[in-house]
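Comments concern the structure below.
Given the structure is predicted, the values throughout are model-derived calculations rather than measurements. Whatever order the structure lists ligands and atoms in, that order sets their numbers, starting from 1. Scope of the values below: all heavy atoms of this structure, side chains included, with no hydrogens, waters or symmetry mates.
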Amino acid sequence: MIRTQEEYQQLYRKSIDLPEKFWGDVASEFHWFRKWDRVLNWENPPFAKWFEGGKTNLSYNCLDRHLAARGNKPAIIWEGEPNEDRRVLTYAELHREVCKFANVLLNQGVKAGDTIAIYMPLVPELAIAMLACARIGAIHSIIFGGFSAPALVDRINDASSKFVITADGSWRRGNLIELKKIVDDALKNTPTVKNCIVLRRAANAIDMVSGRDLWWHDVMTGASEYCSAAELDSEHPLFILYTSGSTGKPKGILHTTAGYMVGTHLTTKYVFDLREQDVYWCTADIGWVTGHSYVVYGPLSNGATTLMYEGAPNYPDVDRFWSIVERYKVNVFYTAPTAIRAFMKWGNEAPKKHDLSSLRLLGSVGEPINPEAWIWYHEIIGGGRCPIVDTWWQTETGGIMITPLPGITPTKPGSATFPFFGVDAAVVDDKGEELPLGQGGFLVIRKPWPSMLRTLWGDDARFREVYWARFADKGYYMAGDGAVRDEDGYFWILGRIDDVLNVSGHRLSTMEVESALVAHEAVVEAAVVGFNHEVKGEGVAAFVTLGPGFEKGTKMADALKKHVRDMIGAIAAPDQIHFSEALPKTRSGKIMRRLLRDVANGVESKGDMTTLEDLNVLAKLRQQEEE
Ligand code: WT7
């Protein structure tokens, strides 16, 4: 048990100086079919091997390991968006369902190492499907339910998924989302997919393709409740999760079994300070990494009760979240700043209507939390008594990297404070030299950590290039964020240093949106930048040049927004569309995004414009804004 900042510092030093001892001790808490020979093999950077030679299973460690002591304890408390939909699954029940579904997959011919795409609503069956994959060593690739058919096609094909698991439909703010229909569209262009398992969720009418599509309830009928967990190598791939990079092609982040298990376990335990009777709620969708690590794997590996809510925070009313906190007496609550800012906008009445006194600890993730939102969260939701843990991490890091420890680290609103155990974070200049306090630079991680990504699926070269090339001589991982440490050594994250936007806590590549736009017949050229958005943090602004014969105006703007939504998904739909005859470029033809950002934010452009090819372009753009 850690009680003071001094104790944290001591343990932190130990974790950095003797990482193998530190992580070996943590890993000993788990069940191993075979103990590892070596905690870390870093002989061939950037390809790490953790717990080399060990054999284990994450599904076993999340379920079977708890059966004796926690068989009747709720593992998942679920609430659907339609208010009457409620379910509780105990550890014993979850174990049984996972075993059955694992047998279903085996019966369908799924083998260890096969990839399976999952495109589902936030229902218990999603967790069941994940844990069943992990049980037999199939690699899950979960695709957020908000992505469109073309986005689904890219991700299914990149991972060569053989199976798709989906549902007929899902509910969002009272609207039906026809998931199966989107899958049907996608499967026209995915040669590797053999079968599709469909959960009945919304009971909407769907087409079932005979020979390809199977109902979940049919295949589960009669499936055996016994399925031994496969004895998997520590480095056996666990999942692929796609995230946006600075090119148009999403990156398949690969996480493997043992290191991810150990990393998410320990961060969940310490950062959320879990107690046996706690009801823990992370509001993230499982389609994002936060849901993987802190709705499913981290909480279950700790034997915790994890709450899942399927729907929107403002359905049927803006107090939905607070009614859930009250109903289940939630103790630990983890959400994103964008949600907090939306709640602020919706007013204090909604939370005030409910008894939130069960809350003990609040968390934040996804983007820097502005001090105003931090204070509101602390006062209005936390009643002034709950510590807030502002956790910095990434899809790539697998688990939380920079974070306060509740009750131990003195917090400052807006700072993620200090690195977690085993995380050697630093702020460096472009040569990799650590910068003095107060100077902003690149955020790097100087040593490998257990839950780190292992590669980009099928693309070792890009993995090296994106994360390790910049500081190759030092062997540092480049996070892609800027950061600064203040006079007390606290880390402050300054935001992305690449062409990646952070829209509502989700990563979006400007290039991806640009390629979607230029795929529209009317668009000749497009540039996408971020601008400050009151709720989303960053909004999407698109500057487009139309081809001859196409007319600018609201109708065209709406058509382009819809087009991006259809190509990628609603999160990518531009908030602003600016029509321009040309885009401001340097003499070498590079679009000057800095200037476009100024236009999108409605501020004057300052600084050097001598490389701007045609100053007229900018003047025209601004003039248009005023029209
Ligand atoms: C990027 C990672 C990790 C879960 C959700 C997002 C930004 C994340 C914070 C924070 C400031 C943050 C960074 C990071 N970010 N958490 N607490 N403070 N910025 O995962 O989609 O992989 O995005 O989100 O820019 O690089 P992701």
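- Contact annotation for Thr391 and ligand 1: only backbone heavy atoms (N, CA, C, O) come within less than 4.0 Å of the ligand.
- At a heavy-atom cutoff of 4.0 Å, ligand 1 is contacted by no atom of His506, backbone or side chain.
- With a heavy-atom cut-off of 4.0 Å, Thr395 touches ligand 1 through backbone and side chain alike.
- The Thr290 neighbourhood of ligand 1 comprises atoms 4 (C), 5 (C), with distances under 4.0 Å to a heavy atom of that residue.
- By the 30° and 60° cut-offs, the orientation of the rings of Phe239 relative to His255 is tilted.
- Contact annotation: for Pro368 versus ligand 1, heavy atoms closer than 4.0 Å belong to both the backbone and the side chain.
- The proximity of Glu367 to ligand 1, defined as any non-hydrogen pair under 4.0 Å, is limited to the backbone.
- Side-chain contact check for Thr305 and Tyr328: no donor-acceptor pair (N or O, by modelled atom type) lies under 3.5 Å.
- Assignment of Gly366 to the shell around ligand 1 is supported, since a heavy atom sits closer than 4.0 Å.
- Taking the six-membered ring for Trp and the full ring otherwise, Trp23 and Phe51 have centroids separated by 6.0 Å or more.
- Relative orientation of the Tyr477 and Trp449 rings is perpendicular, given thresholds of 30° and 60° on the angle between their planes.
- With Asp390, Val389, Asp481 as candidates, the residue nearest to atom 14 (C) of ligand 1 on a non-hydrogen basis is Asp481.
- Of the options Asp154, Asp459, Asp158, a salt bridge (charged side-chain N to carboxylate O under 4.0 Å, His left out) to Lys249 is made by Asp158 and by none of the others.
- Ligand 1 has a nitrogen or oxygen under 3.5 angstrom from a nitrogen or oxygen of Arg496.
- Classified by interplanar angle (parallel below 30°, tilted 30° to 60°, perpendicular above 60°), the ring pair Phe418/Tyr8 is tilted.
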